[in-house]
Asker: 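Sharing a structure below in structure tokens format, with a few things to ask.
Each ligand, and each atom within it, is numbered from 1 in the order the structure gives.
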Amino acid sequence: LHGTNKRAAEILLGNDRGGYTVPSAKLYPFQWNWDSALVALGFSVFDPDRAWQEVESLLSAQWDNGMVPHIIFWKEEKSYFPGPEQWGTTDIAKAPPTSGITQPPVAATVIERLLAEDIDAHRDRAAKLLPKLDRWHQWFLDARDPDGRGVVAIMHPWESGRDNLPDWDRPLSFVDTTGIGGYHRRDTDIVNKDERPKNNDYDHYMALVRFGRDCNWNTDIIARDCPFWVAEPGMNAILRRAESDLIRMARCLGNDDIAARATARFARLDAGFELLWSETVGGYVTLDLRRGEHAIGLTSGSWLAMFAGPVEPARATTMASTLTHWLDQVEHGVPSFDPAHELFDSIRYWRGPVWAMINWMIATGLIEHGETDLAERIRRDTQSLIDQSDFREYFCPVTGRGGGGTDFSWTASMSLYWAA
Ligand code: DGY
């Protein structure tokens, strides 16, 4: 490897903690779920064995109920908040402790790609992971869609992986934060506070952690009573995509049972996705399931509808032209939130900045809908941001400046695997 790719590989190796990779050494010093899955793609470019280890270690932390947690606290590390004591999962997760929520299940999509690189070489490893993926995907429908609507809910903004999206502002306003406070955030010791969620957001995040911990992460109670219960296009698109990749993998490995179960789940998710379509907005948007309200704006998650599966041609055309209009308003795409919206904030985490791995997913979906020029524009934007500002967590769409964590694993991975 040379140049940018060499440096990207060095970042992955530097963040390797022996079988799992931390997203960024200071800011996120444990294994994160979707970070890890996406990082495996980068490793696959120069060390396929290490790529498999990454997804194997992630899935080894699966709970008995099927959930794969969003953080795995492999080692004690005081520099992160909230740590294991706040989550209170020690009895459930056994060892090591974990958080009590999940994250977008991009793992099956990644593993299908690792397998396709060399089916004979990787068949056994993939076959071992298949039942874990099947149980995790089933957990999503059982725990997060118990009414069978065909969309899965998140019970915490962190579950979406897109923590401070404007979509959560209103649903979070119904969450009681009485008695929350007196905790010390660690993220703003490391990163400029203008690039992170606000303290008021954190109070709500902690109130939801308290809610989950108080009910011992009981999924029936969460589904019935959690004050934050929202279906959003990013999570639902990634899950739907993951089911179709799981079907393909199960067929390839001759596991008819899993192929049949994943096919049934895919059909339910495919039908349910329609609930996220808003005629008013002209796109797929977040739905607050407690209040039956659609969000009023598009986010980068909206474009993942094309990653989820076939979008009907008229809608796909509308989406491509709206996305082009977004890109025309900023220097670098794809912003995480509508750049023309009053709540757009170019450097604050998920309220504006560009994220390399979301760009990869959007571009993949665009190519599958014949929008190759747009996909190429996004790929070039991604690499030019990295060239300009290094492997940062995310980038300002207006100036190209980097934000958040440095030497960031999934940015390095996406550069290696896709953009460079
Ligand atoms: C954080 O700590 O900011 C993470 O996004 C939670 O997953």
Asker: For a quick check under 3.5 Å, do R379 and N359 share a side-chain donor-acceptor pair by atom type?
Answerer: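 Absent: no donor and acceptor within the cut-off.
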Asker: Can you give me the closest heavy-atom contact between S99 and F73, atom names plus distance?
Answerer: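 Looking at all heavy atoms of both residues, the closest pair is N-CE1, 3.6 Å.
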Asker: Does T89 use its side chain to pair, donor to acceptor, with the backbone of I92 at less than 3.5 Å?
Answerer: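 Not at all, since once roles are kept as given, no pair shorter than 3.5 Å links the two residues.
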Asker: Of all the heavy-atom pairs spanning S336 and P353, show the shortest one and how long it is.
Answerer: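 Closest approach of S336 to P353, heavy atoms only: OG-O, 2.7 Å.
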Asker: Just by distance, do the side chain of T411 and the backbone of R392 share a donor-acceptor pair under 3.5 Å?
Answerer: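 Yes, the answer is positive, given that a donor and an acceptor are paired below the 3.5 Å cut-off.
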Asker: Against the six-membered ring of F337, is R351 placed for a cation-pi contact (under 6.0 Å from the centre, within 45° of the normal)?
Answerer: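 No; the conditions do not both hold, so R351 does not lie above the ring face of F337.
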Asker: I'd like the contact residues of ligand 1, where contact means a heavy atom below 4.0 Å.
Answerer: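 For ligand 1, the contacting residues are Y28, W32, H70, Y80, W158, D163, R196, Y202, Y349.
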